[in-house]
2 protein chains.
Amino acid sequence: MNNQRYIECEQCNLFPICDPIKLGEYSYDFIFKQVDRRVFFKRGEVVFHQGDPANSIYALSSGTLKLSMNENNGKADESDRLSLIDFRFAGELVGLSSLTDDVYSYSAYALEDSYLCEILKDQIDGIADTIPEVQKRVITMQNQELKQMQTTMMLMMGRKTSQEKVVSFILMLMLRFRRQGLTETQIVLPMTRIEIGDYLGLTKETVIRILQYLQNKNIIHIQGKVLNVIDKKALEQIV
Amino acid sequence: MNNQRYIECEQCNLFPICDPIKLGEYSYDFIFKQVDRRVFFKRGEVVFHQGDPANSIYALSSGTLKLSMNENNGKADESDRLSLIDFRFAGELVGLSSLTDDVYSYSAYALEDSYLCEILKDQIDGIADTIPEVQKRVITMQNQELKQMQTTMMLMMGRKTSQEKVVSFILMLMLRFRRQGLTETQIVLPMTRIEIGDYLGLTKETVIRILQYLQNKNIIHIQGKVLNVIDKKALEQIV
DNA sequence: CGAGGACTTGATTTTGATCAAGTGTTGTGG
DNA sequence: CCACAACACTTGATCAAAATCAAGTCCTCG
């Protein structure tokens with residue numbers, strides 16, 4: 001429960017790599033040697049595009065990103081639907097796949113002013129070769145990402161009503177905020193109703209109507225971007 | 001293009017680990033030392049349950065599995081919807097997460113008689129500590145799985161009509177069969193219409209009607225479990 | 001050969017999309 | 001600091017897509 005502007009390093013998912021790794025008599029302090037701290041992106045700016053050379057892993061220190069993919073893998077010129085594949089919140093990682101891929105497989109946009117910590121792939125590669133502990137941590141981080149996606153798929157796919165989807169979305173937000181040590185009952189939504197809809201496969205009207213319904217039932221209170229969860233039990237019961 | 005009963009080791013996604021790894025003067029031949037080859041599971045049998053101690057990674061030598069998760073993470077006794085999160089086909093991996101998790105995060109069922117190669121977590125751990133190359137390959141394999149899930153999410157979520165979903169599903173099957181060196185134009189569906197529906201978030205009736213429609217348009221021919229793709233271009237055009 | 005499950009087909013209903021017409025909100029330039 | 005343009009959000013009416021309900025037929029395995 002903090003209201004600070006930045007996620008602390010200790011709360012950050014890049015910490016396993018940034019954290020000084022002690023190996024025998026050696027101690028590498030990557031925080032100051034390897035990481036470009038707090039690169040700034042303004043709202044609407046692109047962190048990287050799908051297809052760009054993948055040179056870095058980022059950790060989101062503060063702010064929110066949305067990740068989207070072009071449907072037709074690459075050729076982006078045509079009238080081409082974008083799908084929103086995920087969001088990233090403070091403390092989460094972006095671009096982990098750059099360790100094994102040459103190019104990014106999705107684009108990342110800042111939904112609000114955001115600070116990112118950047119760590120260059122080359123630098124990780126260099127140290128990973130010599131320190132197996134770093135690779136182990138990479139494996140763990142990738143695994144977390146895999147499980148998160150599994151959970152997302154489970155929540156969103158399968159035969160769900162739009163109401164269940166929206167409620168699942170709120171519960172997922174709460175979970176991810178709580179995991180980073182932030183308050184879970186009052187959430188400031190950084191994304192638009194359209195983006196929520198794109199993510200869930202619903203229209204903005206449907207999203208709005210369901211939020212309205214939940215408000216009428218006194219389960220949540222929503223005013224513009226500010227979402228207050230009043231009755232968490234009720235949300236869980238719906239899903 | 002082969003019609004053999006088994007995927008060859010060279011086609012298998014566990015090969016990067018099984019493959020003898022040459023490190024300086026050492027050569028570890030894991031195929032015969034470490035891997036229990038071709039464990040058999042009958043149709044309907046469970047390879048492992050969600051929550052079971054995660055002791056092994058499996059590679060599917062032949063057959064098909066379905067992976068499903070309980071919605072309420074663990075307590076399985078209640079009337080509890082299962083969601084089908086993915087399928088696994090010959091040559092693909094199951095349970096990679098056991099490297100970093102204590103228990104499996106999903107259950108795996110054999111949809112048809114299947115042979116699996118099993119490699120014990122302890123054995124990988126042991127060698128991975130000493131050979132960074134093995135860890136690198138694990139990272140690559142995880143990354144492949146991540147990208148596959150991203151693609152699945154992109155195909156299935158987002159605002160798609162049921163027709164687009166079914167067509168995407170067929171194209172995904174073709175891709176995954178081709179990737180393992182199998183024929184892509186004639187596919188024997190190992191799963192029921194209900195399971196396809198569970199995966200796509202549709203009812204069996206909708207799945208059937210769309211397959212029927214595609215058959216009437218002479219794009220596919222489907223007879224029970226046997227699906228022939230007649231006009232691949234047309235399928236791609238729909239998506 | 002019989003039973004249970006998988007599959008199919010048609011009729012009806014419901015959900016959520018679409019269309020339309022507004023009302024906030026916000027950020028920028030005069 | 002205000003005006004206004006652009007965009008986000010809201011609400012209602014209508015429509016289409018897919019779910020549900022119902023009643024079978026077809027496999028397949030014991």
Side-chain angles (χ1 to χ4, degrees), chain A residues 42-45 64 66 81 83-84 109-113 156-170 187-216 220-228 238-239, chain B residues 42-45 64 66 81-84 109-113 156-170 187-216 220-227 238-239:
Chain A
K42 246 179 113 75
R43 184 157 80 87
E45 283 182 343
T64 317
K66 73 169 172 184
R81 255 186 304 181
S83 35
L84 204 171
Y109 301 87
L111 290 184
E112 52 186 337
D113 293 357
M156 305 308 169
M157 294 177 60
R159 214 160 21 269
K160 297 266 189 199
T161 65
S162 54
Q163 198 183 81
E164 289 171 317
K165 284 184 183 179
V166 173
V167 170
S168 295
F169 179 72
I170 295 173
I187 292 174
V188 178
L189 299 173
M191 69 291 284
T192 67
R193 309 287 195 262
I194 293 178
E195 285 162 337
I196 295 175
D198 284 346
Y199 184 58
L200 299 177
L202 305 170
T203 59
K204 61 183 187 307
E205 292 92 336
T206 302
V207 173
I208 287 166
R209 278 188 252 265
I210 290 166
L211 291 176
Q212 213 54 252
Y213 169 84
L214 293 173
Q215 174 154 252
N216 292 341
I220 63 170
H221 181 263
I222 186 156
Q223 173 74 278
K225 297 287 185 193
V226 183
L227 168 69
N228 282 283
I238 289 171
V239 178
Chain B
K42 247 179 115 77
R43 184 157 80 87
E45 283 182 342
T64 317
K66 73 170 172 183
R81 254 187 304 182
L82 271 183
S83 38
L84 204 171
Y109 302 87
L111 290 183
E112 52 186 337
D113 292 358
M156 304 310 169
M157 294 177 61
R159 215 158 21 268
K160 298 265 191 201
T161 64
S162 53
Q163 199 183 79
E164 288 171 317
K165 285 183 182 180
V166 173
V167 170
S168 294
F169 179 72
I170 296 173
I187 292 173
V188 178
L189 299 174
M191 70 291 284
T192 67
R193 309 288 195 261
I194 293 178
E195 285 162 337
I196 296 174
D198 284 346
Y199 185 58
L200 299 176
L202 304 170
T203 59
K204 61 183 188 306
E205 292 92 336
T206 303
V207 171
I208 287 166
R209 277 188 252 267
I210 290 166
L211 291 175
Q212 212 54 253
Y213 167 85
L214 294 173
Q215 174 154 254
N216 292 340
I220 63 171
H221 181 264
I222 186 155
Q223 172 74 278
K225 297 286 186 195
V226 183
L227 168 69
I238 288 171
V239 179

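The sequence lines fix the lettering, A, B, ..., with proteins before strands; numbering per chain opens at 1. Side-chain atoms are counted along with the backbone in the values below, which use heavy atoms only and exclude waters and symmetry mates. These numbers were taken from a predicted model, which means no experiment stands behind them.
- Once rounded to the nearest 0.5 Å, the distance linking OG1 of T206(B) with OH of Y213(B) reads 15.0 Å.
- G201(B) comes within contact range of the sugar-phosphate backbone alone, with a heavy-atom separation under 4.0 Å but no base atom that close.
- Atom P of nucleotide dT26(C) and atom CD of Q223(A) are separated by 10 Å, given to the nearest angstrom.
- Residue contacts shown for T192(B) are limited to sugar-phosphate atoms, with no base heavy atom under 4.0 Å away.
- Which of dG27(C), dC29(D), dA17(C) sits closest to the side chain of R43(A) comes down to dG27(C).
- Regarding contacts with the backbone of dC7(C), a side-chain N or O of K225(B) is found under 4.0 angstrom from either OP1 or OP2.
- Among the heavy atoms of the strands lying under 4.0 Å from E205(B) is at least one base atom, whether or not backbone atoms are also near.
- OP1 or OP2 of dA18(D) has at least one side-chain nitrogen or oxygen of S162(B) nearer than 4.0 Å.
- Within the structure, every side-chain polar atom (N or O) of R193(B) is placed at least 4.0 Å from both OP1 and OP2 of dA6(C).
- Taking side-chain N and O atoms only, T206(B) has no distance below 4.0 Å to OP1 or OP2 of dA18(D).
- Summarising the geometry, atom CD belonging to E112(B) is positioned 13.0 Å from atom NZ belonging to K42(B); distances are rounded to the nearest 0.5 Å.
- When rounded to the nearest whole Å, the span between CD of Q163(A) and P of dG16(C) equals 8 Å.
- The CG atom of L214(A) sits 13 Å away from the P atom of dT10(D) (whole-angstrom rounding).
- Rounding to whole angstrom units, CG of residue L189(A) and P of dT25(C) are separated by 15 Å.
- Atom CG of L202(A) sits about 12.5 Å away from atom NZ of K160(A), to the nearest 0.5 Å.
- The side chain of R159(A) places no N or O atom within less than 4.0 Å of a non-bridging phosphate oxygen (OP1 or OP2) of dA19(D).
- Residue order along DNA chain C, read from the 5' end via each residue's closest nucleotide, puts M191(B) first among R209(B) and M191(B).
- K165(A) has its NZ atom 8 Å from the P atom of dG16(C), to the nearest Å.
- Listed nucleotides: dT11(D), dA19(D), dA18(D). Nearest to the side chain of I208(A): dT11(D).
- Interatomic distance, L211(B) CG to I220(B) CD1, rounded to the nearest 0.5 Å: 5.0 Å.
- We find that CD1 of I210(B) is positioned 18 Å from P of dA16(D), with the value rounded to whole Å.
- Atom NZ in K204(A) sits roughly 9 Å away from atom C1' in dA8(D) (whole-Å rounding).
- Whole-Å rounding puts the E164(B) CD to dA17(D) P distance at 12 Å.
- Between E195(A) and L111(A) there is a side-chain heavy-atom pair separated by less than 4.5 Å.
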